[in-house]
*Asks:* 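Take a look at the following structure, please.
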Amino acid sequence: MTVYWCERAWLPEGVADAVRIETADGRIVSATPGAEKSGTVLAGLTLPGFANGHSHAFHRALRGRTHHERGTFWTWRERMYALASRLDPDAYFRLARGVYAEMVLAGYTSVAEFHYLHHGPGGTPYASPNAMGDALRQAARDAGIRLTLLDTCYLAGGIGVPPDEVQQRFSDGSAEKWAERVELLKEDELFRVGGAIHSVRAVPRYELPEVNNAVPENRPLHIHLSEQRAENEQCETAYGSTPTGLLFESGVLGERLTAVHATHLTELDLKRLGDHRAGACFCPTTERDLGDGIGPARSLADAGVRLSIGSDSNAVVDAFEETRALELDDRLACEERGRFTAQELLAAGTDHVTAGWPEVGALAAGAGADLVTVALDTVRTAGIEPSGVLFAAGAPDVRTVVVAGREVVRDGAHALIERPETVLAKEIEALWQF
């Protein structure tokens with residue numbers, strides 16, 4: 001039994017003082033407010049761990065390197081493909097190890113990795129078919145974060161377009177072959193396997209049910225959905241429906257489906273996603289970085305869609321920044337304040353269902369023992385009301401992170417990987433020395 005005494009903690013019923021949290025075997029045994037001080041003292045405000053519902057770990061190496069020629073989408077895409085062509089399992093492990101350590105330091109305790117970099121150059125399989133996925137598994141284990149590998153089916157370079165030279169690394173040739181490879185992946189205590197359809201551009205309509213059926217019902221299925229207007233236009237031209245409509249017609253919509261971005265939706269799209277109790281994962285810092293637009297977060301929530309957040313391209317890794325952006329970006333789009341309550345924002349930021357860990361996300365008996373403690377005495381947080389932490393704090397304010405009962409961040413430093421910033425600098429510089 002491990003005991004934490006939290007100066008303040010955000011329990012399901014709200015912020016409480018002097019909370020004693022007992023953990024054992026990776027679970028919370030009890031959370032009792034108004035308790036006598038004992039055990040490990042956590043000064044500040046303790047929250048449930050944040051969930052990163054959408055990540056492309058290798059994109060972290062693009063940070064600060066895609067602004068040339070005014071930073072167009074094509075500048076970004078060309079550099080992303082160049083990077084993808086240079087990674088092998090060993091390099092990917094070293095890079096991802098630093099990326100996942102950065103996530104934990106920022107308050108994330110689980111990550112759903114949208115993984116499509118499967119094979120060697122030219123699409124040649126590695127001797128171990130899941131060498132790249134196994135590299136991510138080991139990197140997450142070293143960094144102390146829960147990982148759900150959303151192994152992604154990616155078969156085409158566009159609707160009716162074969163994959164190009166770089167994209168051949170992403171493709172298994174068919175949904176059946178993709179499923180056979182994914183079946184070889186084995187889960188463990190902090191590693192789960194879900195699935196993803198890259199997009200309606202990258203998976204032909206006739207293959208959509210195959211992917212859906214191959215993912216176990218108790219594991220998440222994700223898809224990039226209506227991220228850009230061009231995607232909608234291409235889908236309408238090819239299939240006579242929106243991407244959401246195509247998923248509806250193919251029987252893919254459902255509670256375990258998460259639409260990533262969900263930016264450019266029709267009213268019928270909103271209704272269908274809500275009627276099927278699907279999720280929507282917003283990645284505001286990446287959506288800004290790529291100029292994709294602002295998705296209808298409040299409308300989706302009102303329709304019954306479960307909201308979550310992700311770091312996507314990892315242009316920024318900050319759980320607080322992504323979470324408050326649901327409110328702030330919606331204010332810009334609607335020219336109105338008060339779009340979400342603080343409790344609604346916390347629910348989105350700590351939605352581990354999307355990331356494949358439904359037992360995590362609350363400071364309550366029986367939940368996974370994932371805790372994040374934020375200092376309330378920094379230049380950013382001094383003088384705030386504790387319930388306003390999502391609007392004030394940032395990744396540098398995280399002091400303690402516990403994942404499955406294990407202390408991974410202590411006094412703002414990673415306890416398992418020394419100086420993750422040095423790890424990242426070394427590996428990213430090496431990737432761009434080609």
*Asks:* When rounded to the nearest 0.5 angstrom, what is the spacing between OH in Y92 and CG in D134?
*Replies:*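 Going from OH on Y92 over to CG on D134, the span is 13.0 Å.
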*Asks:* Just checking E13: does its CD atom have more than 12 heavy atoms from other residues, nucleotides or ligands closer to it than 6.0 angstrom?
*Replies:*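 More than 12 within 6.0 Å, yes.
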*Asks:* Taking all atoms of both residues into account, what is the closest heavy-atom pair of A43 and T373, and its distance?
*Replies:*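 Here A43 and T373 meet closest at O-CG2, 3.2 Å.
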*Asks:* Short question: side chain of D188, backbone of F191 - any donor-acceptor pair under 3.5 Å?
*Replies:*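 Indeed, once roles are kept as given, a pair shorter than 3.5 Å links the two residues.
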*Asks:* Carefully, step by step, assess Y239 and E249 under the rule side chain to side chain contact (heavy atoms under 4.5 Å, CB included).
*Replies:* CA-CA 11 Å; Y239 300 124; E249 294 161 7; 5.8 Å; no
*Asks:* For a quick check under 3.5 Å, do E322 and S311 share a side-chain donor-acceptor pair by atom type?
*Replies:*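 S311 and E322 do not have a side-chain donor-acceptor pair below 3.5 Å.
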*Asks:* Would S55 and E113 satisfy side-chain hydrogen bond (donor to acceptor under 3.5 Å, both in side chains), going step by step from the backbone distance to the final call?
*Replies:* CA-CA 5 Å; S55 164; E113 182 66 34; 2.9 Å; yes
*Asks:* Can you name the closest pair of heavy atoms from V389 and I384 and give their distance?
*Replies:*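 Reported closest heavy-atom pair: CA-CD1, 3.7 Å.
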*Asks:* Check salt bridge (charged side-chain N to carboxylate O under 4.0 Å, His left out) between R410 and all other residues, then give those that pass, not counting sequence neighbours.
*Replies:*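 R410 satisfies salt bridge (charged side-chain N to carboxylate O under 4.0 Å, His left out) with E407 once adjacent residues are dropped.
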*Asks:* Check this for me, if you would: do R192 and E359 make a salt bridge, where the nitrogen-to-carboxylate-oxygen distance has to be below 4.0 angstrom?
*Replies:*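 Yes, charged N to carboxylate O under 4.0 Å.
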*Asks:* For L47 and T350: C-alpha separation, side-chain torsions, deciding distance, then whether side chain to side chain contact (heavy atoms under 4.5 Å, CB included) applies.
*Replies:* CA-CA 9 Å; L47 306 160; T350 60; 5.9 Å; no
*Asks:* Could you pull out all donor-acceptor pairs under 3.5 Å where a side-chain atom in residues 196-210 meets a protein atom, sequence neighbours excluded?
*Replies:*
from, atom 1, to, atom 2, distance (Å)
S199, OG, R201, N, 3.4
S199, OG, A202, N, 3.2
E207, OE2, A175, N, 3.3

*Asks:* In Å and rounded to the nearest 0.5 Å, what is the NE2 to OG1 distance from H68 to T75?
*Replies:*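 Reported value, rounded in 0.5 Å steps: 8.5 Å.
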*Asks:* Enumerate the salt bridge (charged side-chain N to carboxylate O under 4.0 Å, His left out) contacts for residues 340-350, please, sequence neighbours excluded, ordered by first and then second residue.
*Replies:*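 For residues 340-350, and leaving out neighbouring residues, the salt bridge (charged side-chain N to carboxylate O under 4.0 Å, His left out) pairs sorted by first residue read R298-E344.
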*Asks:* For F170, give me all partners under ring pair (Phe, Tyr, Trp, His ring centres under 6.0 Å), at least two apart in sequence or on another chain.
*Replies:*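 Y116, Y154.
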*Asks:* Is it true that, when you exclude D164 itself, more than 12 heavy atoms of the residues, nucleotides or ligands shown sit nearer than 6.0 Å to its CG?
*Replies:*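 Count over threshold, so yes.
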*Asks:* As a quick check of understanding, evaluate side-chain hydrogen bond (donor to acceptor under 3.5 Å, both in side chains) for H264 and D292, giving each step before the final call.
*Replies:* CA-CA 9 Å; H264 303 288; D292 287 338; over 6 Å; no
*Asks:* Would N232 and S226 count as having a side-chain donor-acceptor pair, cut-off 3.5 Å?
*Replies:*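 Yes - a donor-acceptor pair under 3.5 Å links their side chains.
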*Asks:* The test is side chain to side chain contact (heavy atoms under 4.5 Å, CB included); show your working for H261 and D312 and say whether it passes.
*Replies:* CA-CA 10 Å; H261 304 302; D312 193 358; 3.0 Å; yes
*Asks:* Heavy atoms only: give me the nearest V317-A106 pair and the separation to one decimal.
*Replies:*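 That would be O-CB, 3.6 Å.
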*Asks:* For E22, which residues count as a salt bridge (charged side-chain N to carboxylate O under 4.0 Å, His left out) partner, sequence neighbours excluded?
*Replies:*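 Salt bridge (charged side-chain N to carboxylate O under 4.0 Å, His left out) check on E22 returns R20.
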*Asks:* Hey, could you give me each pair passing salt bridge (charged side-chain N to carboxylate O under 4.0 Å, His left out) that has a residue in residues 265-274? Not counting sequence neighbours.
*Replies:*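 Applying salt bridge (charged side-chain N to carboxylate O under 4.0 Å, His left out) to every pair that reaches into residues 265-274, excluding sequence neighbours, yields K271-D275.
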*Asks:* State whether the side chain of T381 and the backbone N or O of A393 hold a donor-acceptor pair below 3.5 Å, judged by distance alone.
*Replies:*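 Not confirmed, T381 side chain does not pair with A393 backbone.
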*Asks:* For T40, which residues count as a side chain to side chain donor-acceptor pair (under 3.5 Å) partner, sequence neighbours excluded?
*Replies:*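 With sequence neighbours excluded, T40 shows a side chain to side chain donor-acceptor pair (under 3.5 Å) to no residue whatsoever.
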*Asks:* Between H118 and T152 (side chain of the first, backbone of the second, donor and acceptor by atom type, cut-off under 3.5 Å), is there such a pair?
*Replies:*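 The answer is yes, because a donor-acceptor pair under 3.5 Å joins these two groups.
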*Asks:* Taking side chain to side chain contact (heavy atoms under 4.5 Å, CB included) as the test, write out the residues that go with Q343, two or more places apart.
*Replies:*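 For Q343 the side chain to side chain contact (heavy atoms under 4.5 Å, CB included) partners, ignoring immediate neighbours, are W10, T341, L346.
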*Asks:* Which residue pairs pass the ring pair (Phe, Tyr, Trp, His ring centres under 6.0 Å) test when at least one of the two sits in residues 306-359, sequence neighbours left out?
*Replies:*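 Only F50-F320 qualify under ring pair (Phe, Tyr, Trp, His ring centres under 6.0 Å).
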*Asks:* Within a radius of less than 6.0 Å around CD of E421, do more than 12 heavy atoms belonging to other residues, nucleotides or ligands occur?
*Replies:*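 Check passes, neighbour count above 12.
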*Asks:* Minimum heavy-atom separation for D351 and S308, please, with both atom names.
*Replies:*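 Scanning both residues completely, I find the closest heavy atoms to be OD2-CB, 3.4 Å.
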*Asks:* Parallel, tilted or perpendicular, judged at 30° and 60°: which one describes the rings of H56 and H54?
*Replies:*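 H56 vs H54 ring planes: perpendicular.
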*Asks:* Keeping the roles fixed (side chain from R137, backbone from K186), state whether a donor-acceptor pair exists under 3.5 Å.
*Replies:*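 At least one qualifying donor-acceptor pair exists.
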*Asks:* Could you tell me which residues satisfy salt bridge (charged side-chain N to carboxylate O under 4.0 Å, His left out) with E327, sequence neighbours excluded, listed by chain and number?
*Replies:*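 In terms of salt bridge (charged side-chain N to carboxylate O under 4.0 Å, His left out), with neighbours along the sequence ignored, E327 is linked to R331.
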*Asks:* Sort and list the pairs that fulfil salt bridge (charged side-chain N to carboxylate O under 4.0 Å, His left out) and have at least one residue in residues 97-110, not counting sequence neighbours.
*Replies:*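 Of all non-adjacent pairs touching residues 97-110, those that pass salt bridge (charged side-chain N to carboxylate O under 4.0 Å, His left out) are R60-E102, R63-E102, R97-D142.
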*Asks:* Say you draw a straight line from OG of S30 to CD1 of I21; how long is it, rounded to the nearest 0.5 Å?
*Replies:*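 S30 OG to I21 CD1: 8.5 Å, rounded to 0.5 Å.
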*Asks:* List the atom of L390, the atom of R324, and the distance in Å for their closest heavy-atom pair.
*Replies:*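 Heavy atoms only, the tightest pair is O-NH1, 2.9 Å.
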*Asks:* What pairs of residues pass the salt bridge (charged side-chain N to carboxylate O under 4.0 Å, His left out) test when at least one of them lies in residues 376-391, not counting sequence neighbours?
*Replies:*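 Applying salt bridge (charged side-chain N to carboxylate O under 4.0 Å, His left out) to every pair that reaches into residues 376-391, excluding sequence neighbours, yields R380-D397.
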*Asks:* Please lay out, stage by stage, how N212 and R256 fare under the test side chain to side chain contact (heavy atoms under 4.5 Å, CB included).
*Replies:* CA-CA 10 Å; N212 184 47; R256 56 93 171 254; 3.2 Å; yes
*Asks:* Which atoms form the tightest heavy-atom contact between T32 and A35, and what is the distance?
*Replies:*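 For T32 and A35, the tightest heavy-atom pair comes out as O-CB, 3.7 Å.
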*Asks:* Has the side chain of E287 got a donor or acceptor atom that lies under 3.5 Å from a matching backbone atom of G293?
*Replies:*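 The answer is no, because no donor-acceptor pair under 3.5 Å joins these two groups.
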